[in-house]
Colleague: 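Attaching a single structure in structure tokens format; questions to follow.
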Amino acid sequence: MNISLSDKIKKEIDSIKSKFPDDQNKSSIIESLLIIQHENNGYLTNELIESLADYLNVQKIDVYEVATFYSMFSLKPIGKNIISVCTNVSCMLRNSDQIVNYIEKKLKVKIGESTKDNKFYLKDEMECLAACNGAPMMQVNHINYENLTYEKIDKILDGIKDD
Amino acid sequence: MHIYINDTKYEVSENDTIIQVADRNEIHIPRFCYHKRLSIVASCRMCLVDVEGAKYPQPACSTLVRDGMKVNTTNTSASQAQKNTMEFLLINHPLDCPICDQAGECELQDVSLEHGDYKSAYNEIKRTVIDKDIGDLVSTEMTRCIHCSRCVRFGEEVAGIKELGMTGRGEETKIETFINQGLSSQLSGNVIDLCPVGALNNSLYKYSARTWDLKQTSSISSNDCLGSNIFYHTYKDEIKRCIPKEDEEINLSWLSDNDRFGYEGIKSDDRILHPLIRRGDNLEKTDFNTISDYLIESLKLYSKKSCGIMSAQSSCEEMYLFQHLLRENNIGKIDHRSKECDFRYQKNFPTIPSFDIKLSEIKNLDNIIIIGTNVSKEFPILSIYFREAIKNNDTSIFSFATYEFEENFPLKKSHVLNSQELADCFNTSTTETNVDIDKTGNNLIILGPAISYLSNYSNILNNISRYAESNNMKLSLLGDQANTSGAWAMGIVPHRLPGGVAINKTDKSGNYELLSDTDDLLVIYNLEPEYDFSDDNKILEKLKKSKANIFFSSYMTESIKKYAHIVFPLSTQVESSGSYINTNKKLQQYEKIINPLGESKDGADILLTICNSFDSSLTHEGVKKSIRAILAKINVNNNFVQIANLDNVKNSNFLEKIVIRNPNSSNPTLRRCNSLLNTHDNDDYFSIPLDKTVSDNDKIILNENNNKLKLTIKQKKHAKPINTVLVKIGGTHKEKIGAYNTEVDL
């Protein structure tokens, strides 16, 4: 089964391709996957991987390797809003583990899972997000929130509306 | 330039790595990811050695030599590094050697014994990986994988199609295909040899023997004209597996899947195990004397309207004796070209067709024109050389064929043409040809075996030869079978004796037809009427009418059961000894690997016994000597076939049927190798011109010469030449195919 990519995505992929030599389409895989994932509610499917491989004229396994390697790609459906809590050393020293626990309890999910209403996804294996000065920190939908407290978390997460 | 390894001085050249110098001088350095024919990744860290002046041990596979460099492979620093690497590699490797097929030839086992420690500091749980289904040929045991990535690099660099990949990260890293797709490369079996542990295994060999019990015998492949060198491993007179024998001139370290797994068919249920003779409607068991007498009687009785057709998969010895026997009895109509229908070229054909250049010279070519062959399917080993040429010399490769296919190397341009267009395309006398290449370079034209099935083969040969000669190109002719070159040299053609000596009295090459004037006696040697003849209707018709049908065959088929008067049970190639002449005119001997099944016998033995009843001076040794003498005398400079006054045979307004050659069922044994047939695309498919609207599973009826052929459409998405119906034959197909290349009505 082969889903064809939308013209808009194709156009964006073409502009990525133009940055690399003609015979090195493999270089465009990561950026293209990010675009496709963004358009597909934050996750990739095998069909999308196949379509990209066809479009870039690379082997399917080449794309699949990239998609499984990076934690920024998800191969299964996830919640709409992505919460990434940094648990690297600076944040850990500032009690990021408790922050994760608190969010887990609040949303009734384990790390790496999405809420039942599909509103939130608590991301697994989050490495340093380069905001150690504001530890503990998290990213919600790619926006940084620093010096977290439980109240602050409540305010941020409750402030996200269903749409 | 020189370096010191373990205090001994060695001469080196500039681009050598430490491991290359060590390998050349037989100094052992342990390794997993390094392989001499693959790129260097230095990921396993097993080959760490101590280099004087370097702070840490260096990987021998990726460290280039420097003048005066002092390397130590065994001192404390090196051996401690090796010990540590080994400990890490064994963290997740299961200790299941007692049930592992690789045990006894396992690189991990050997290196662990030599360089490892007896205890491990790791007390946690080992990881397990779920096995993948990647086809019928390669079985997996992925928990054993140590992630050396040889199999991944092989697909990418040698086979030209990356099917296995390394997915996931860290502890989750796995070797797998994209969502459990099966391997489709015709070279897929090589990953079994490359795997240093027991993760990728040979499905046919799995759990059937222990490596230390196996007996190794060298042999020659019987499935294509390259003549790959192989080793068979046997246990208790049974073939357990087949592996490549290193040969720098032909198959390097590799083997095609047909060669590796192509022995499976010999155990087929329809093997003929006894001499058979017709009694009423049945074939009954008898003895060799009875059928030999029958054959001799028939030869005497029907010498005039008789014909002997032999497979070009037979050995030179069988060929020599076959033509000797028939010609002694005044039967001149001898041929191996059962799949051809146009013979007008034969007088001008080279005494021995060949590839003309050494395979190792392919990498220096500028342009290669491939005509009528899907190289990566039909000659997988050759495709490795083409990939090397592209890498080495940026060679441009062009393809001209009657159907569209994929190659595992990039094609500069591919043309899909019908048979008339194919001939016109190289016609030098008309306008400028359609081939747009630089004619000053070092160029080669390769003609595939399927072109010989076409009814205007002579026109194509003539035009291409003239084109090649006028443009200073070489011409290579690839044979249909393992010993096609041998068949021409040994006189398995009606107009030439062994050595290419022309026979004048049967000079009918202008209107020669394989089966005409043969109403009395048909001797069919190692060919199956249903699958091996260019027109199955015609041969079956002949068999019905002929007075004596004599078969030499390893396998029973419907038509043999129905029409044979006597059947000699032939042993298969692995059960006989003999020699093949490969496409480079190299005579290669092979020995008997296992004893023949039942009462079946080596064809050369059967034929010699019969010949001795006329001529007692013949011996096996004598025959071998004659073959060598014949070959030594042959002197062929090129493969050009130029024919004067040749008419066009086609009117391109008619609908033309073209049969696609399927390498996976090109000889009787391969047709019975089920694992191979299941893995590699063997679907019978039929497709018709684009302007006709049909869908899959539609039935079409083709009218040809009063015969109606019913075919079920299985369209493939590919370009088709105009006015053609393409038919692909696969396995032991049930439907009749009719003539290979002819005009039809839909």
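Proteins get letters first, then strands, A, B, ... in listed order; numbering begins at 1 in each.
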Colleague: Does A:E39 CD have over 12 foreign heavy atoms under 6.0 Å away?
Modeller: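 Enclosed: over 12 neighbouring heavy atoms sit under 6.0 Å from CD of A:E39.
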
Colleague: Any ring-ring contact (aromatic ring centres under 6.0 Å, His included) pairs touching residues 10-45 of chain A, not counting sequence neighbours?
Modeller: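 Matches after skipping sequence neighbours: none remain.
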
Colleague: Using a cut-off of 6.0 Å, state whether more than 12 heavy atoms not belonging to B:F88 lie near its atom CZ.
Modeller: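 Not buried by this count: 12 neighbours or fewer within 6.0 Å.
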
Colleague: Tell me the residues of residues 124-139 of chain B whose non-hydrogen atoms fall below 4.5 Å from those of chain A, in number order.
Modeller: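 Under the 4.5 Å heavy-atom cut-off, nothing qualifies.
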
Colleague: Looking at A:K155, I'd like to know if its NZ atom is crowded, meaning that more than 12 non-hydrogen atoms belonging to other residues, nucleotides or ligands lie closer than 6.0 Å.
Modeller: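 Counting other residues, nucleotides and ligands, NZ of A:K155 stays at 12 neighbours or fewer.
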
Colleague: Considering heavy atoms only, which positions within residues 149-185 of chain B lie below 4.5 Å of chain A?
Modeller: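 Hits under 4.5 Å: B:V152, B:E156, B:I161, B:K162, B:E163, B:L164, B:G165, B:M166, B:T167, B:G168, B:R169, B:E176, B:T177, B:F178, B:I179, B:Q181.
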
Colleague: Would you say NZ of B:K412 has more than 12 non-hydrogen atoms from neighbouring residues, nucleotides or ligands within 6.0 angstrom?
Modeller: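 No, because the 6.0 Å sphere around NZ of B:K412 holds 12 heavy atoms or fewer from other groups.
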
Colleague: Any residues in residues 383-393 of chain B near chain A, with a heavy-atom distance under 4.5 Å, and which are they?
Modeller: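 So far as heavy atoms go, nothing in residues 383-393 of chain B approaches chain A to under 4.5 Å.
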
Colleague: With a cut-off of 6.0 Å (strictly less than), are more than 12 heavy atoms of other residues, nucleotides or ligands near CG of A:N57?
Modeller: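 At most 12 heavy atoms, drawn from other residues, nucleotides or ligands, come within 6.0 Å of this atom.
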
Colleague: Are more than 12 heavy atoms, taken from residues, nucleotides or ligands other than A:K116, located less than 6.0 Å from that residue's NZ atom?
Modeller: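 Not buried by this count: 12 neighbours or fewer within 6.0 Å.
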
